[in-house]
Amino acid sequence: MKKALFLSIAAGTVLTFTACGDNGDTNNTETDNNAAETDNNAAETNNNEAGNEDGEEAAQPAEDQTLIYARGGDSVSLDYASVTDGESSRVTQQIYESLLSFDEDSFEIGPGLAEDWEVEDDGLRYVFQLREGVTFHDGTEFNAEAVKLNFERWADPDHEYHFADEGYAYSVYGTQFGGFEGDDGHVIEEINVLDDHEVEFVLNETLGSFIQNMGMSYFAMTSPAAFEEYGSAINENPVGTGPFQFVSWSKDDSIVLEKYEDYWQEDLPKLDQVIFQVIPDNSARLTSLRSGEIDIMDGLNPDDIDALEGEEGIQMFERATNNIGYLGFNEDKEPFDDPEVRRALNHAIDKEGLISLLYAGMAEPAKNLIPPDYLGYNDDIDPYEYDPELAEQMLDDAGHAGLEIDLWTMPVARPYMPDPERAAEVMQANFADIGVTANIVSMEWATYLEQTEAGEHDLFMLGWSGVNGDPDYFFGNLLHSDAIPGGNRNFYRSDEVDSLLDQAKTSIDEDERVELYEEAQEIIHEDAPMIPLVHSIPVLAGSENVQNYVPHPQTSEPLTEVEISE
Amino acid sequence: MEPTSPSKNSPFPGPEHQEPQTSVPAAASPWKEAFRQLVKNKLAIVGMIIIGFFILIAIFAPLLTTYTYQSMSAADRLQPPSSTHWFGTDDLGRDIFTRIVYGARISLMVGFFAVIGALVFGSLLGIIAGYFGRWIDMIISRIFDIMLAFPSILLAIAIVAILGPSLQNALIAIAIINIPIFGRLVRSKVISIREEEYILAAKAQGMKSGRILFHHVLPNSTAPIIVQATLGFGTAILEAAALGFLGLGAQPPTPEWGRMLSDSRQYIQSAPWTVLFPGLSIMLVVLGFNMIGDGLRDALDPKMKS
């Protein structure tokens, strides 16, 4: 009798308290190899209280310059160009550098491994002057040959370091430069080594985002000697020119980096060691921060922001919004091939409600695909207002009253969608209000991306974050018909939009690009291939002792200047 | 949680060999005697009150609350318990009391149907294995062994993974994983009954196997089955909650207790009521069934009589 009593109490309690233990299915590492989604979320530092306020106190540097950065999931690979997940680039940005680099809090482009560059022949020829005296972590000198080798490695499927047989694919290279060697759209015709520290890119067509692309962490430089030494194991043995060099990686736990003593920037980096620690559960990560076990944490629950406000020893950082969370339609399936149905459902979603329920206000409702501060953002678009009655009426007129749909939702928290399952429940309730029955469907992350790419879904939730500040990275990957199968999971095909996007992509005249993108957005709004939901503001928290940490609009940033004070 | 080891001394002896009962009037049937024992057991009474209470709120759910279990309100999110929201609200502003009350329907229903399913199929297989023996017994018993070799929740997860996550499939999975538990119990019981003289007598009269099984063997094995079924209720509800917690059971917006726990687990510090009440409900129901089950076992087991 006692035994049964004990057992049932134990069972009940265990179940109650596993509650706080692990977090089951959400928030996993992402295994997103198919260029599906780049979680490089947003940023720009609106409130940079960290740097300013603490600076005044003239904090003394601490003796132990080890920074522990906690995050929800592990990196997929440290070969940055072959994966698109934000957790991979978070680490590779410390180890590797690109020819150009972005400003610390914007996508303003500036020198990186190249000190200077010239645009010639009306944007058909780019010449980069490389920095001298830069060495890779293995001692190899960084020069023009290294640049040529890296780019040819991605472009040429037959290149000895392309590792196609080992399953490596460089999808972002493909979307950013119009394909690979031999493809019609591939814009890089040749790369010439002019001298040891001067390299020339010859294009066969202008590319509006070429210079921005050169700053992306996808196109960073790996040591040529390391390819020879490690071959396809380069993904676990990264050798770059960055401020930190690779020490060890224990999967699903931590990645340890240490200061590169011969780094080309004098007196940098300031940290001696950086550890990227995986703590899957958002609440557990916050507990670790509070107890001082970690220094910075990504992925703060929006609900914890209030509690942390003014808490002793903790500071918070915001990344400016640089993403979109959306609910997409599969236009290849009935009745979503009917624009009237898509417009009706657009009226059904209460975005403000979604934001107050799930984002604690840290998001703004979206009406376009690109974030508001992007080049070409069309602010004249009149959003589909939340109006359940109108929505129901429109659906009825279209002959689809009482529709039953499958609503696919992501199994992992994303920067643009902190709790996708909850968001799905909210939208399910919104749809129920107009008489539409939505069945929530969820599956493992990699499968989810695969199946939506294959068009198995009705409606699906997903998002996208910018990594180079260029609108083409959004439009081209998500709504161009060339991205089928691929990022265009809406199966949206519009010749008009395709041609506008193509023109905008190859144009190097900014005003012209703005016009083209604005026009494209009008058509897209009318066609309604998706319900744009939110542009979110990801929030991070850190110890007060962390100095000079400035979140970048991408998911992550180099920690070169970061320092720990007493 | 194995409730009773099938003993040679049947707790519910057949009429053929009724033991003389000294303390009870001769007219009292064994069932009446068992019931008398049961109501003397205070814990069993408490268990019955708990379960009775949950059955009542499940039946009268719509009368107990003015909210619907799926209506959301941003203004009311994470409200602590108050006179308007007795158990507070969750992160989507839904009334937790309402969800608990409707959740009782789900949990009790899952418990009931899963146990019935496991009982019917388990008993059937157990009787066949126990009565016919030889290779039939061999095959059925080995299948039971294989199923029992898996941790039950793992097997349930595997079954739901194959069928797809839904409340109905979770129910089927729970029924399946409980089949061998009933099966083995009945089998061992049948093996001991098979050797009884009254079975031999029945056979000698030329009675058909089916009739012997269902008219003599089965009625004489009911006591342990009833005990196991009562305890199984608790386990089934717990397993359903576990599957719900893992997102493999009831799908939103169905208010399932285990799912409510997992959905609110990140608020355990800031809004503990969101996990406290679903957790408490699961605990109480499981506790209730276990108390009744224990009481029944004591009442039906002659060895336990003081």
Side-chain angles (χ1 to χ4, degrees), chain A residues 1-27 281-284 286-287 301 303-304 306-307 350 352-358 360 407 409 411 418-419 421-426 428-430 432-433 438-444, chain B residues 1 3 41 43-44 47 70-75 77-78 90-94 164-166 231 234-235 238 241-242 245-248 251-253 257-258 261-271 274-276 278-291 293-295 297-298:
Chain A
M1 180 121 7
K2 282 219 176 95
K3 188 177 156 227
L5 225 165
F6 168 77
L7 271 176
S8 46
I9 292 178
T13 7
V14 162
L15 219 79
T16 309
F17 290 104
T18 33
C20 56
D22 71 348
N23 80 331
D25 47 357
T26 50
N27 227 332
D281 187 67
N282 288 1
S283 318
L286 179 58
T287 309
N301 279 334
D303 274 309
D304 290 326
D306 273 354
D350 178 12
E352 299 282 354
L354 191 69
I355 290 168
S356 52
L357 280 170
L358 291 169
L407 171 57
T409 185
D419 196 341
E421 286 180 39
R422 287 310 233 191
E425 280 186 61
V426 173
Q428 182 184 48
N430 283 164
D433 287 343
N439 302 313
I440 297 178
V441 177
S442 186
M443 62 200 68
E444 197 259 321
Chain B
M1 224 176 277
N41 186 328
L43 276 175
Q70 73 273 51
S71 62
M72 303 174 182
S73 156
R77 62 191 304 263
L78 299 174
D90 68 7
D91 57 310
L92 296 179
R94 298 178 295 198
S166 77
L231 291 163
T235 340
L238 198 61
F245 187 88
L246 296 171
L248 297 172
Q251 296 300 307
W257 294 340
L261 267 187
S262 91
D263 283 345
S264 298
R265 65 192 189 277
Q266 58 169 302
Y267 303 101
I268 194 164
Q269 282 174 331
S270 55
T274 55
V275 288
L276 179 68
L280 214 56
S281 305
I282 296 169
M283 194 199 86
L284 278 176
V285 169
V286 175
L287 182 65
F289 278 116
N290 282 0
M291 284 169 154
D294 267 350
R297 182 181 54 199
D298 294 356

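Note that the coordinates shown come from a computational prediction; the quantities given were computed from them, not determined experimentally. Quick note: numbers below take in every heavy atom, side chains included, and nothing from hydrogens, waters or symmetry partners. Letters A, B, ... are given to chains in the order of the sequence lines, protein chains preceding strands, and every chain is numbered from 1.
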TODO: Drop me the distance from B:Q70's CD to A:D433's CG, to the nearest 0.5 angstrom.
DONE: 9.0 Å
TODO: Calculate, to the nearest 0.5 Å, the distance between atoms CD and CZ belonging to B:Q266 and A:R422 respectively.
DONE: 8.5 Å
Open item on the list: Please classify the contact of B:S73 with chain A as side chain, backbone, both or neither, using a heavy-atom distance under 4.5 Å.
Closed with: backbone
Task: Contacting region of B:F289 [heavy-atom separation from chain A under 4.5 Å] - done: neither
Task: Proximal component of A:Q428, with respect to chain B [non-hydrogen, under 4.5 Å] - done: side chain
Open item on the list: I need the A:L354 CG to B:M72 CE distance, nearest 0.5 Å.
Closed with: 10.0 Å
Open item on the list: Taking side chain to side chain contact (heavy atoms under 4.5 Å, CB included) as the definition, give me every residue that meets it alongside B:P165, ordered by chain and number, with sequence neighbours left out.
Closed with: B:V160, B:L248, B:Q251
TODO: Identify the heavy atoms of B:P252 and A:I440 that sit nearest to each other, and give their distance.
DONE: CG-CD1, 3.5 Å
Open item on the list: Taking side chain to side chain contact (heavy atoms under 4.5 Å, CB included) as the definition, give me every residue that meets it alongside A:S356, ordered by chain and number, with sequence neighbours left out.
Closed with: B:A74
Task: Under 4.5 Å from a heavy atom of chain A, the part of B:L284 involved - done: neither
